[in-house]
Amino acid sequence: MRITCPLCGARDRREFYYSGAAVALDRPAPEAGAEVWDDYLHNRDNPAGVTRDMWYHELGCGSWVVVTRNTVSHEVIGTALARDEKGRGA
Amino acid sequence: MTELTAKTPGAGIFPFEIGGITAREETPEAMTAIAPYKGREAEASAALEAAHGMALPAPGRSTGKAGARALWFGRDTALLIGPRVDASLGRHAALTDQSDAWIVVRLEGAGARDVLARLTPLDLREGVFKRGHTARSELAHMAGSITRVGPEAWQIMVFRSFARTLAHDLDSAMRGVAARAGA
């Protein structure tokens with residue numbers, strides 16, 4: 001599996017650390033309430049299809065990368081720097 | 001009083017030669033990480049140009065030449081190798097002395113690429129990884145930096161404390177390549 005880092009280009013999966021669903025881009029406000037925070041912390045979808053994850057390019061440039069991929073076909077659909085994606089909604 | 005002697009990271013480990021390929025330690029006088037402050041990349045690049053004669057490198061590229069080189073060294077960071085960094089850079093970028101943090105090895109000879117191909121997942125093919133290109137990547141499971149400095153010459157770097165591990169893995173890879181070539 002290869003992931004295209006927006007800075008480094010196509011790189012082997014070994015260079016990346018997997019962090020999970022890209023919910024961290026959409027952190028709730030501190031006063032959002034227990035239910036919203038519970039959802040943010042604990043509840044994850046497990047889609048058969050398109051999903052967005054955070055990957056850290058730890059053996060490369062050190063960027064957090066948002067990877068859009070398909071869990072069924074394993075196709076990597078797109079990548080973007082978390083810096084550019086933050087606030088656009090996960 | 002005890003007399004202390006400074007040792008280079010590769011003292012007693014490098015150089016060695018296997019199958020016509022040499023691994024030799026390079027000992028630049030200084031290495032400095034240059035991380036431009038937010039929005040100050042242009043000023044930092046101009047200051048680097050004025051003081052050391054090279055611009056800040058774009059991702060995956062290096063600037064300058066042997067003896068005074070700037071490598072792209074990760075997100076928003078460059079590594080100046082050779083000269084002691086001019087204080088004027090400090091106005092536009094965070095400067096971190098890395099001089100004693102890394103071992104720098106020059107791997108040179110026909111087939112050096114094949115040796116590296118055994119140690120890193122990078123695409124090092126001729127038309128892809130050209131002279132002057134650089135990458136941060138995995139090098140025998142270590143976080144390293146690889147730069148092509150000549151047609152058959154590569155500069156590789158890992159943390160200083162991994163010098164012996166690097167030598168061991170280079171040795172294995174070089175023996176493998178030499179065996180394949182029937183040398």
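In what follows, every chain begins at residue 1, and chains take the letters A, B, ... in the order their sequences are listed. Side-chain atoms are counted along with the backbone in the values below, which use heavy atoms only and exclude waters and symmetry mates.
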Please set out all donor-acceptor pairs under 3.5 angstrom arising from side-chain atoms of residues 8-17 of chain A, sequence neighbours excluded.
unit_1: Arg11(A); atom_1: NH1; unit_2: Glu15(A); atom_2: OE1; d: 2.9
unit_1: Arg11(A); atom_1: NH1; unit_2: Glu15(A); atom_2: OE2; d: 3.4
unit_1: Arg11(A); atom_1: NH1; unit_2: Arg136(B); atom_2: O; d: 2.9
unit_1: Asp12(A); atom_1: OD2; unit_2: Arg14(A); atom_2: N; d: 2.9
unit_1: Asp12(A); atom_1: OD2; unit_2: Arg14(A); atom_2: NE; d: 3.0
unit_1: Arg13(A); atom_1: NH1; unit_2: Phe16(A); atom_2: O; d: 3.1
unit_1: Glu15(A); atom_1: OE1; unit_2: His57(A); atom_2: NE2; d: 2.7
unit_1: Glu15(A); atom_1: OE2; unit_2: Ser137(B); atom_2: OG; d: 2.5

### Message
For a side chain to side chain contact (heavy atoms under 4.5 Å, CB included) check, start with the C-alpha distance between Arg83(A) and Arg75(B), then their side-chain angles and the critical distance, and finish with the verdict.
### Response
CA-CA 11 Å; Arg83(A) 172 175 61 185; Arg75(B) 167 96 167 258; 3.4 Å; yes

### Task
Kindly determine whether Phe73(B) and Cys61(A) satisfy side chain to side chain contact (heavy atoms under 4.5 Å, CB included), including the steps that lead there.
CA-CA 7 Å; Phe73(B) 212 57; Cys61(A) 63; over 6 Å; no

### Query
Is there a salt bridge (charged side-chain N to carboxylate O under 4.0 Å, His left out) between Arg2(A) and Asp123(B) once you walk through the steps?
CA-CA 11 Å; Arg2(A) 286 171 82 77; Asp123(B) 187 349; 5.1 Å; no

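Ile146(B) and Phe159(B) fall within a single hydrophobic cluster, where Ile, Leu, Val, Met, Phe, Trp and Tyr are joined by side-chain heavy atoms under 4.5 Å apart, directly or via other members. Follow the hydrophobic side-chain contacts under 4.5 Å out from Tyr56(A) and you never reach Ile3(A); the two are in separate clusters. There is a path of hydrophobic side-chain contacts, each under 4.5 Å, that joins Tyr18(A) to Val65(A). Met142(B) and Leu107(B) fall within the same hydrophobic cluster, defined by Ile, Leu, Val, Met, Phe, Trp and Tyr side-chain heavy atoms under 4.5 Å apart, directly or through other members. Under the 4.5 Å side-chain heavy-atom criterion for grouping Ile, Leu, Val, Met, Phe, Trp and Tyr, Leu59(A) is not connected to Leu119(B) through any hydrophobic cluster.
Smallest separation of non-hydrogen atoms from Pro59(B) and Leu7(A): CB-O, 3.8 Å.
Residues from residues 30-46 of chain A never place a non-hydrogen atom less than 4.5 Å from a non-hydrogen atom of chain B.
The environment of Arg24(B) atom CZ is sparse: at most 12 non-hydrogen atoms of other residues, nucleotides or ligands sit within 6.0 angstrom.
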